[in-house]
Amino acid sequence: MKVVNALTEEVRVRYAPSPTGFLHIGNARTAIFNYLFARHAGGKFIIRIEDTDQKRNVDGGEESQLKFLKWLGLEWDESVDVGGEYGPYRQMERLAIYKKYWQELLDKGLAYKCYCTPEELKAEREAQMASGQTPGYSGKCRHLTAEQIAQYEAEGRKPTIRFRIPDDQKIEFDDIVKGHLTFDSNDVTDFVIVKQNGVPTYNFAVVIDDHLMKMTHVLRGEEHISNTPKQILLFRAFGWKPPVFGHMTLIVNENHKKLSKRDNSIVQFIEQYKNMGFLPEALFNFITLLGWSPKGEEEIFTRDEFIKQFDANRLSKSPAMFDKSKLEWMNGQYIKKLSEEDYLALTLPHMIHAGLIPEEMTAEQRRWASRVALLYQEQLHYGADIVNLCDMFFNKDIEKAELTKGEKKILEGEQVNDVLTVFDRELRSLSEWTAEAIAPKIKVTQKETKQRGWKLYMPIRVIATGSEHGPELPEALELIGRDLVLKRLEHYLSAQQTV
RNA sequence: AGGGCGUUGGGCAAGUGGUUAAGCCAAUGGAUUCUCAUUCCAUGAUCGCGGGUUCAAUUCCCGUACGCCCUCCCA
């Protein structure tokens, strides 16, 4: 029964960002769900730019939206860049279209001009709040006489146009995620559909566009639930059939507040994640699991798998908190699967950026840096993470300035001197400085000193690498280099002797 | 204030009128390992609260608390 009738109606959905900011987590999720919904149904995914708030539009907002959507792996069928038969796809280029429709409403008496100034409205609202009333437009200009209108016009006032909300109407619709929703038109006040400057408001333009662009479904954030009755009333006024609505839960921050662009408690722009070295596939995967869950227990999916099993009925009803640690874990899962080449392309630039390695490297330098980076593929969470992880390979100190508690404990062992003396001697006899050659020398040290495990390795590690933690010892020593390792051992041992 | 939506362990979240209430992340403990990491094992919820319907409710109904969203000439 829920089968879409492909013969009569092709699924058409849209992502409709306003270019008031760059692409962030919330935007991306809306876009992804619409994309998944369209592709799953074999329908069309459209991107429409809602730029009617010229004051808030920011330069580069539109480009950023498209650029990072593309980076995430989305593709669309119609939009400002690829065209389409229902264009233009930028609302400010559709002004003439809107005008025809609001004029129709005006002619039919379904809308009227309102001469109230923003200041008057604001004062009205504040007065209502102060006296504990529900804030909302009073309907003051609903029945203006010709004289009053002439008077206002003479004053030079420029009107807005308001939609006349009909009384006592029940507004009901079946929301894909929330179920059956009911509203009463008496709870909705006459709202502005055309601003003073002749530009329509969101609630008006969205209805015209969704109808003209033949949208079959509207999947959007639940902050739009209370806008829906207004829009449905407009659909009715025009005698149009509304699309099927689905309101997705919000993504909230640690304080359970809706993620807003100004929220600093969380990194939320896609570009920032890209810059930190998160992979688009991982981000896509993670975002898709925010407010939606697949059927089985699996959580890592490719885009095609998501498309195949996406089911809007499994959209969650309650808000999801953005969980950074899970994102990092998931990104790590993807990093593990990276080819050596891709892994290096992800990490090396961060090492360069941090000044650890030069941008122009000799083949030799590059091989060395690559081996260092590769040491951490299993545990890397995101690209920039490499900088801290591989820290010990760039520390050239002969002696550590300050030992940690753990390191002190290690060096207190009475076997330490023995172990290091033997190991030092053995290393000096090496003709070839490779992990393969170094490893047997640890064994020799073990035999000779009768020390093993923690007591054998840790003193060597602390003194030779300068840290109690790190990758496998032989390879670490090889990459740190003969010179430094021997210097560190020598320095430590000579200091011991003078004591 | 009005309207709307939501509430399953720290986070995500599955699920059903009768189950030992999945799974993932995190945390903690343990095993393996020279350390970190990896890997593996283990640990924890009676389903916001109160009532009702029922032989039986986390699952249905009512109420209540809390949270959030909207009530902009923002989208």
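Convention: sequence-line order gives letters A, B, ...; per-chain numbering from 1. What you see is a predicted model, and the numbers here were worked out from it, not measured in a lab.
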Select base, sugar-phosphate, or nothing to describe what Phe183(A) touches, counting heavy atoms under 4.0 Å on all strands.
sugar-phosphate
So the contacted stretch of RNA chain B, first to last nucleotide with an atom under 4.0 Å from a non-hydrogen atom of chain A, runs from A1(B) to A75(B)
Want to settle it: does Tyr457(A) or Lys317(A) sit nearer the 5' end of RNA chain B, counting the closest nucleotide to each?
Lys317(A)
Pairing residues for Phe235(A) by the ring pair (Phe, Tyr, Trp, His ring centres under 6.0 Å) criterion, not counting sequence neighbours
none
Pairwise P distance for A57(B) and G52(B), with rounding to whole Å
11 Å
Pick the P atom in U28(B) and in U64(B), then give their distance to the nearest Å.
42 Å
C1' gap between C70(B) and G17(B), integer Å:
36 Å
Within the structure shown, what part of the strands sits under 4.0 Å from Gly453(A) by heavy-atom distance: base, sugar-phosphate, or nothing?
sugar-phosphate
Phe286(A)-Phe322(A) aromatic ring centre distance below 6.0 Å:
yes
Side-chain polar contacts of residues 198-206 of chain A - donor-acceptor pairs under 3.5 angstrom, sequence neighbours left out - could you list them?
unit_1, atom_1, unit_2, atom_2, d
Thr201(A), OG1, Val192(A), O, 2.8
Tyr202(A), OH, Arg220(A), NH2, 3.2
Tyr202(A), OH, His224(A), ND1, 3.2
Asn203(A), OD1, Gln231(A), NE2, 2.8
Asn203(A), ND2, Asn227(A), OD1, 3.4

Select base, sugar-phosphate, or nothing to describe what Pro319(A) touches, counting heavy atoms under 4.0 Å on all strands.
sugar-phosphate
Using a heavy-atom cut-off of under 4.0 Å over every strand shown, decide if Glu50(A) touches base, sugar-phosphate, or nothing.
sugar-phosphate
Under 4.0 angstrom, heavy atoms only, what part of the nucleic acid is Asn227(A) near: base, sugar-phosphate, or nothing?
base
Tell me what Asp53(A) touches on the nucleic acid: a base, only sugar-phosphate, or nothing, going by heavy atoms under 4.0 Å.
sugar-phosphate
Under the salt bridge (Lys or Arg N to Asp or Glu O under 4.0 Å) rule, collect the residues that match up with Glu414(A), sequence neighbours excluded.
none
Can you tell me how the ring of Trp292(A) sits relative to the ring of Phe306(A), calling it parallel under 30°, perpendicular over 60° and tilted otherwise?
perpendicular
Among residues 285-302 of chain A, which ones have heavy-atom contacts with RNA chain B below 4.0 Å?
Leu289(A), Gly291(A), Ser293(A), Glu297(A), Glu299(A)
For a quick check under 3.5 Å, do Tyr492(A) and Asp424(A) share a side-chain donor-acceptor pair by atom type?
no
Could you work out the separation of C73(B) and A65(B) based on their C1' atoms and round it to a whole Å?
38 Å
Using a heavy-atom cut-off of under 4.0 Å over every strand shown, decide if Ser131(A) touches base, sugar-phosphate, or nothing.
nothing
Could you check whether Thr117(A) gets within reach of a base, just the sugar-phosphate, or nothing at all, counting any heavy atom under 4.0 Å?
base
Please give the distance between the C1' atoms of U59(B) and U16(B) as a whole number of Å.
6 Å
In whole angstrom, give me the gap between the C1' atoms of C41(B) and C47(B).
27 Å
By nearest-heavy-atom nucleotide on RNA chain B, the more 5' of Leu250(A) and Leu181(A) is Leu181(A)
Using the benzene-type ring in the case of Trp, are the ring centres of Phe33(A) and Phe310(A) under 6.0 Å apart?
yes
U58(B) and C49(B), which share atom name C1', separated by this distance in whole Å:
13 Å
Do Lys140(A) and Tyr115(A) come close enough that some side-chain heavy atom pair is under 4.5 Å?
no
Let's go through Thr189(A) and Ile165(A) carefully: what are the C-alpha distance in whole Å and the side-chain angles of both, what is the deciding distance for side-chain contact (heavy atoms from CB on, under 4.5 Å) to 0.1 Å, and is it a yes or a no?
CA-CA 6 Å; Thr189(A) 55; Ile165(A) 301 290; 5.9 Å; no
Salt bridge (Lys or Arg N to Asp or Glu O under 4.0 Å) involving Lys295(A) - partner list, sequence neighbours excluded
none
Scan His224(A) against the nucleic acid and name what it touches under 4.0 Å (heavy atoms): base, sugar-phosphate only, or nothing.
base
With a non-hydrogen cut-off below 4.0 angstrom, is Arg452(A) in contact with a base, only sugar-phosphate, or nothing?
nothing
Between Lys170(A) and Asp184(A), is any pair of side-chain heavy atoms under 4.5 Å apart?
yes
Looking only at atom P, what distance separates G9(B) and U46(B), rounded to whole Å?
9 Å
Categorize Thr160(A) for me: base, sugar-phosphate, or nothing, with a 4.0 angstrom heavy-atom threshold over every strand shown.
base
Just checking Leu456(A): base, sugar-phosphate only, or nothing, at a heavy-atom cut-off of under 4.0 Å?
nothing
Cys116(A) near the nucleic acid: base, sugar-phosphate alone, or nothing, with a heavy-atom cut-off under 4.0 Å?
base
